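Note sheet for the following structure.
All chains are named by letter (A, B, ...) in the order of the sequence lines, taking the proteins before the strands, and each is independently numbered beginning at 1. If you're wondering where the values come from, they're calculated on a predicted model, not measured in any experiment.
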Amino acid sequence: MWEQIVNLSFFAVLLRLLPPILLGALGGLLTDRGGVINIGIEGLMLVSAFTSISVGSASGSWVAGVLAGMLASVLVSLLMAFFTLQMKVDVIVAGFAVNIFGGAATVLLMSILYHSHGQYMPADPVRIPNVVIPFIEDIPVLGQLLSGHNVMVWLSFLAVLFCYVLLNHTPYGFHLRAVGEEPSAARSLGIDVQRIQYSALIWGGVFSGLAGAYLSTGMTSMFVREMTAGTGFLALAVVIFGNKNPVGILFGSLLFALAQTLVNTVETTPDNKVPSQLIAMIPYIVTVAVLSVYAVRKASTRRRKAAAV
Amino acid sequence: AGCGSNKSGQSGSSQTDIGGSEAPLSVGLYINGNLGDQGFFDSANAGVQRMDKEFGAKIKVVEGGSNQTDWAVGLESMVSSGKYDIVIAGTSQMSDITINLAKRYPNQKFIFFDVAIEGLPNVYSVIYDQKEGSFLAGAFAALVTKSTELKGSNPDKTIGFIGGMDIPIINEFRSGYEQGAQYIDRDIKVISSFVGSFSDAPKGKELGLAQFKQQKVDVIFAAAGAGGLGMFEAAKELGTYAIGCNVNQNEVQPGTVLTSMLKNVSDSLFRAVDRYKKGELQFGVSEQLGFAEGGVGLAKDDLYSKNVPQTIRDQVEEIQKKLESGEITLK
Amino acid sequence: MSDLLEMRNIHKVYSNGTRANRGVSFSVRHGEIHALVGENGAGKSTLMKILFGLETPSEGEIFYKGEKIEMRTPKDAIRYEIGMVHQHFMLVPSFTVAQNIVLGSEPRKGALSDHKAALLETDRLIREYGLKVDSSATVARLSVGLKQRVEILKVLYRGARLIILDEPTAVLTPQETDELFHSLRKLVDTGYTIIFITHKLNEVMSISDRITVLRAGQTVTTLNTAKTNKEEISRLMVGREVLLRVQKTPARAKETVLRINGLSDEDSYSGQPVLRNVSLEVKSGEILGIAGVEGNGQTELIEAITGFGKGYRGSILFQDKPLAGESIRAIRAMGIGHIPEDRQTRGACLTASVKENLILDQYREKAFGRIWFLNERQIRRHARELIERFDIRTESEDTPAGSLSGGNIQKIVVARELHKKPKLLIAAQPTRGVDIGSIEFIHKEIVRARDEGAAVLLVSAELTEIMSLSDRIGVLYNGELTALLNNTDDLTEEEIGYYMLGVKKDERKAVAT
Amino acid sequence: MRPRKAVFLDLFGLAGAVAASLVIGIIVIFCVSSEPLAAMNAFFVEPLTNAFNFGSILNRMVPLVFTGLAIAVVFQSGVFSMGAEGQLYIGALTGAVAAVYMKGLSAWMHIPLVLVCAILGGGLFAFLPGILKARFKADEIVSTLMFNYIGIFFVSYLLNNVIKDANSGGFARTPYVQDSARLHQIVQGFPTLYSFVFALAAAAVVYILLFKTRTGYELRLVGKNPLFAEYGGIHIRKAIVLSMVISGALAGLGGAMEVIGQQGALNDHFSTGLGFDGIIISLLARNHPIGILVSAFFYAYLTVGGQNMQAGSDVPRDLAVIIQSLLVLFVSSQALFAYLNSRKAVRKGGAEVAS
Ligand SMILES: Nc1ncnc2c1ncn2[C@@H]1O[C@H](COP(=O)(O)OP(=O)(O)OP(=O)(O)O)[C@@H](O)[C@H]1O
Ligand SMILES: Nc1ncnc2c1ncn2[C@@H]1O[C@H](COP(=O)(O)OP(=O)(O)OP(=O)(O)O)[C@@H](O)[C@H]1O
Ligand SMILES: [Mg+2]
Ligand SMILES: [Mg+2]
């Protein structure tokens with residue numbers, strides 16, 4: 001394992017595992033800041049994963065695939081928005097319904113379009129390409145650090161920056177946060193609360209869409225039923241874990257990806273005797289541990305501050 | 001084994017009606033999970049679909065979903081509807097449910113796969129020698145990693161196994177595979193990893209990449225559903241090799257998937273119903289299908305002939321013979 | 001003078017069936033300060049929300065500058081240069097003052113918002129109108145008075161010419177109120193028009209030009225301030241004579257119930273001292289009023305006594321028993337009643353029913369059930385009794401407290417805390433935002449509790465309230481008890497005012513105890 | 001008088017919502033099926049008319065009622081736990097251990113013992129995130145989501161490595177539970193098991209707990225307004241932990257009910273999402289224990305109906321699931337309720353305005 005850390009392949013794996021959770025969490029972040037908890041990330045990611053590989057391979061363009069995936073995810077988000085904002089369905093119920101819907105709708109479409117219930121592997125698939133940076137690529141350490149990563153890896157870093165700027169430096173971001181924090185205040189200033197919340201859910205769709213597209217057209221080039229395998233829920237946890245801000249979420253996602261990289265490393269270690277169920281617990285135990293340590297420290301600084309004065 | 005060619009096996013009242021062409025045979029398949037698993041269920045489904053095509057059976061496939069709470073009810077409602085001449089189910093999780101139902105509905109005929117159920121006059125069961133099949137796959141993998149003819153092989157004597165979940169049935173695949181590899185060369189090391197689910201293709205791919213790149217593995221056998229598909233992709237990208245599972249997956253990534261360990265649920269079900277139709281199927285017994293009956297085996301299609309060197313193929317044949325004759329016995 | 005605004009025959013039925021306005025007619029002239037008064041729940045806020053586009057009327061018309069207009073959303077109101085300062089703060093706590101002020105119409109630099117311009121603009125407004133506040137401070141940390149300023153600045157920033165102020169002074173100190181009035185007069189002089197809602201008739205008399213009285217969702221009348229008086233207004237509002245001055249007999253103080261010695265405490269965030277060596281005593285049968293500009297340690301004093309505040313120094317003895325380290329539950333069980341200053345959050349649970357609100361901290365008593373179970377019938381009977389005795393206007397004891405008017409919610413709190421016949425009653429701002437009828441009632445009940453032998457510690461920012469209720473008066477300034485005086489007839493508001501502002505310090509206070 | 005009227009309005013709204021959602025379901029079925037009548041019959045009618053199906057619905061309700069109640073208790077207390085799934089597994093585990101390995105007891109002893117073990121297992125497993133939240137303010141959404149995974153993997157680990165029945169075949173399970181611990185059919189020939197009675201009893205107990213006891217009053221006040229509760233002397237942290245533990249115990253009971261009822265053994269991965277279904281069930285019932293019986297019935301009805309439709313018509317499973325999710329959305333549509341209720345209210349108010 002140390003060898004892998006030294007030769008930086010560990011780093012490459014980490015970066016490959018990062019985008020789905022990071023993008024999913026950013027989607028969750030923007031909806032959450034608009035005052036709508038998004039339980040439906042999982043379902044949105046599935047819808048986009050299916051659409052992007054499907055459209056991508058049909059059109060032969062990964063860009064078209066990714067855009068279509070985002071669009072599909074946005075459409076389902078709009079459906080969710082309609083039910084929560086217009087029909088006043090409890091937002092959590094709506095989120096779960098989106099997950100159920102996404103899981104079933106993708107399989108249904110797959111069986112109609114490709115006569116398969118389990119997976120769709122296009123004959124000549126398109127892939128979101130890797131970015132090879134000339135010159136830098138050949139520099140020993142730097143090359144491995146910077147070159148050869150998937151476009152989506154860079155895009156997800158950009159997305160962090162984007163969300164940061166959006167939330168903290170644009171009028172829209174202020175409106176969004178105001179709506180999430182004090183909707184009545186926003187409304188009294190002529191901000192259309194409902195419209196902002198619609199848009200928040202759309203953002204959720206956009207980023208969940210990117211995350212889903214990466215699963216099927218970046219990490220692999222296939223769609224498999226339920227291929228998100230709980231990533232959406234992890235993303236939800238990361239939103240809260242990351243303190244509901246883009247930078248915190250970046251670190252939260254890195255932690256998760258790191259734990260997953262660790263799982264993969266242990267799983268592929270020769271003569272590994274640890275039962276795989278215990279290995280699989282690593283990310284979750286790490287998260288609970290970090291959460292606890294963080295909370296305990298915060299609690300004790302609260303106490304210390306109170307005591308010190 | 002007792003492959004009932006004796007006509008005395010004819011029993012049950014419904015069978016006599018079937019000879020006539022007026023009422024088509026009605027077959028129901030209950031799947032305690034979902035289609036698209038790249039395993040039993042898809043294979044069973046393929047078998048049932050073939051009944052429709054080849055002798056116009058009226059077929060119905062019911063997916064029970066993954067909540068185990070629903071399964072007993074799902075199967076019973078198929079049985080109690082009385083619509084089916086034959087109800088097919090399988091897997092160890094369903095065996096007790098089926099035994100219970102078979103006792104309560106003595107007029108319903110059942111075909112059960114993957115677990116031996118004996119002594120019930122209305123149940124025919126079929127099991128597969130998957131361990132032997134995996135043994136052969138292991139031997140094959142060992143030959144591949146030692147091969148000098150295959151471009152993607154390296155000198156390291158390390159091969160890989162990827163399982164969907166760390167559960168008995170998958171570990172049976174693994175155990176056979178390891179034994180097969182050791183049979184070829186005691187020094188062969190097998191790296192085993194588990195995905196944790198049968199649907200996580202990206203993780204299957206990551207585990208594949210890690211085994212290939214970090215552990216110098218050059219061929220992996222996957223019993224991991226969609227996880228295996230992910231691994232195939234990794235193998236393809238790196239120019240290494242893979243072995244498919246359950247159904248013939250050689251065409252999924254031609255040239256990369258050198259062969260597949262078959263578990264022929266599809267053929268076995270078709271064969272059983274076909275014999276039932278002819279009045280030849282004997283109930284109350286279970287059959288184990290091995291290489292000879294086509295129950296298990298390696299997928300030896302054109303791609304196999306094209307991509308696998310002659311020497312390896314020859315050795316495989318030899319080992320298969322030894323397995324059939326009992327010269328090799330498994331733990 | 002022509003009417004700037006006219007609202008004709010406004011009806012409003014809320015979706016739950018409440019008829020808040022039933023044919024209100026109301027008009028405002030250009031350049032006047034128009035006071036809108038009425039009991040809690042009379043429909044004042046509803047009428048103004050309709051004018052501001054926050055609620056749609058079920059019926060009725062609005063004319064503005066002679067034209068019939070439709071108000072659908074606050075956006076329309078802002079377009080017509082109407083601004084509103086709401087009864088409850090409409091601020092985003094995590095935003096800075098400047099961000100709150102420009103929210104919804106931010107200065108931009110390209111696609112981004114221009115923080116610098118926002119700050120500059122805010123500072124310019126602050127200078128121009130003399131409403132001092134730190135434009136880069138986070139709103140969550142501002143005092144209520146400053147928050148109120150931010151609300152007014154928000155309205156001014158949007159260029160409103162007609163400004164609605166819904167009970168802006170309910171949470172302000174007298175000084176802050178004076179400053180606010182000063183600003184309002186300046187605004188009117190420069191051509192603004194103001195609608196002003198308040199329950200304080202002094203304010204009505206001192207600032208308004210005309211007065212409209214609402215009762216039960218209908219217009220009673222509109223008066224010229226110069227030609228009326230407080231008694232008339234209150235009679236019109238309540239429909240009967242209201243005693244504007246508390247009637248009480250001299251106190252008959254007995255044994256000391258609460259004894260505080262050398263109490264000091266610091267703010268847990270900033271570490272600044274908030275209480276400095278405070279010592280006082282309250283005897284049974286007397287009311288000790290604590291006057292002071294808000295934020296001078298009153299809150300901390302109450303929190304320390306009632307068990308919310310931990311980690312103070314000094315001693316608090318209740319019937320000679322130290323309270324330090326006791327849980328809130330234990331403290332309440334000893335016989336200490338507490339009317340908290342914040343009824344919306346702490347004093348009442350708005351989503352719980354009236355009857356559930358009335359048994360808080362008493363639900364473990366035998367009267368309300370045996371062993372582990374609650375006795376529904378007893379609880380209901382108890383609620384009905386209190387509703388009757390305290391004249392709580394509610395549809396039933398099962399109604400959620402949140403759908404009662406503010407005054408009635410306060411009556412629930414008072415009823416609950418007095419019902420248990422506390423030996424010590426801590427009353428913090430007991431009549432804030434409450435209409436005059438209810439004020440009269442609550443004051444009477446507090447005096448009655450005193451006469452029945454309770455020791456009362458009254459904390460209020462309302463000097464009039466302190467003067468009229470208390471037997472003795474203490475003044476907190478900057479965490480220090482700067483005066484402790486007997487409330488004799490020759491004590492004037494001015495004198496207490498000096499102590500409150502820290503201009504004067506009473507050296508005899510130890511003697512006066 | 002007033003509360004009764006409110007209930008009436010709610011029922012009126014509910015009926016309207018159900019009707020609207022049925023219309024949607026019917027439209028979808030008509031669009032996709034070539035035998036819509038058969039499909040609708042199988043989906044909507046047969047589950048109610050066929051005794052076997054109806055009995056199965058009642059069985060299917062059992063885990064949903066328990067996880068629904070588990071969620072109701074925490075949500076009423078203002079704790080946003082999503083941990084019912086993991087607690088279900090741990091309760092099933094401890095219950096199963098008692099049910100399988102304790103021998104020679106009478107049913108009257110054995111079953112209560114199993115239940116106690118399940119309560120302890122589920123309760124203790126929920127205690128951890130509870131204490132993390134109460135003492136350190138660690139967010140319970142994150143911790144309970146993580147604890148779900150930990151619980152499920154832990155049970156799977158034990159099943160595959162420690163307590164596996166040698167005869168379990170390809171998928172691990174424990175040995176079958178002792179007959180003395182098994183819950184059987186209430187009436188021969190009708191599939192509903194005694195576990196259904198336990199579910200009803202649990203709903204009643206939780207109802208009494210929440211609405212008729214001091215503890216319930218405390219929990220609900222903490223949920224509605226913690227500042228108010230604190231001011232009234234209620235120990236907030238204790239209430240949070242208590243609500244988590246009660247919730248875990250209920251979820252754990254639900255798991256044990258599956259083990260000694262429907263399934264007869266603890267199976268690896270025996271639930272996929274029963275705990276999450278509990279969230280939907282509870283929210284549909286606005287976290288009211290008695291309402292949970294109704295919403296769990298509705299949900300089980302849809303599940304059984306969906307299966308039945310798949311078996312009895314050309315509508316595929318996935319479509320049945322989609323219809324199910326749409327029905328859930330419509331039934332939980334507050335706007336539909338509010339619209340129907342407000343029309344009444346406005347008519348009432350409006351009439352008085354005019355007079
Ligand atoms: N959103 C609402 N939904 C239902 N009823 C409401 C709503 N807002 C106010 N009400 C009811 O309408 C009536 C009038 O309320 P309104 O806020 O206009 O009173 P008010 O005169 O401003 O009282 P206060 O002096 O307490 O502020 C009250 O009975 C109140 O309970
Ligand atoms: N959605 C609602 N349903 C029922 N009543 C409401 C609703 N919203 C507000 N009210 C009630 O309407 C009344 C008026 O509301 P508003 O927000 O104007 O302040 P208030 O509570 O009356 O303020 P104050 O405490 O100063 O009297 C309040 O008593 C409030 O409880
Ligand atoms: Mg090799
Ligand atoms: Mg008001």
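D/Gly233 and C/Arg329 get closest at one heavy-atom pair: O-NE, 3.0 Å. Contact detail for D/Tyr231 and C/Arg416: the closest heavy-atom pair is OH-NH2, 3.1 Å. The nearest pair of heavy atoms linking C/Gly347 to D/Phe228 is O-CE1, 3.1 Å. The two atoms that bring C/Arg346 and D/Leu227 nearest to each other are CG-O, 3.8 Å, heavy atoms only. Taking each heavy atom of C/Thr345 and D/Asn225 in turn, the nearest pair found is O-ND2, 2.5 Å.
Heavy-atom distances place no part of C/Ser58 under 4.5 Å from chain D, backbone and side chain included. Looking at C/Ser327, neither its backbone nor its side chain comes within 4.5 Å of chain D, counting heavy atoms on both sides. Within the 4.5 angstrom heavy-atom criterion, only side-chain atoms of C/Glu417, from C-beta onward, approach chain D. Using a 4.5 Å cut-off between heavy atoms, D/Ile208 contacts chain C through its side chain alone, with no backbone atom that close. Neither the backbone nor the side chain of C/Ile331 comes within contact range of chain D, judged by heavy atoms closer than 4.5 Å. In this structure, the portion of C/Phe308 lying under 4.5 Å from any heavy atom of chain D is its side chain and not its backbone. When heavy atoms are compared at a cutoff of 4.5 Å, C/Arg332 approaches chain D solely by way of its side chain, counted from C-beta outward.
Note on C/Ile379, C/Asn357, C/Thr306: by heavy-atom pairs under 4.5 Å with chain D, the leading option is C/Asn357.
Atom CD1 of C/Ile359 sits about 8.0 Å away from atom CG of D/Leu221, to the nearest 0.5 Å.
For C/Lys310, the NZ atom sits in a packed shell: over 12 heavy atoms of surrounding residues, nucleotides or ligands are nearer than 6.0 Å.
Taking 4.5 Å as the limit, some side-chain heavy atom of D/Tyr217 sits within range of a side-chain heavy atom of C/Leu360.
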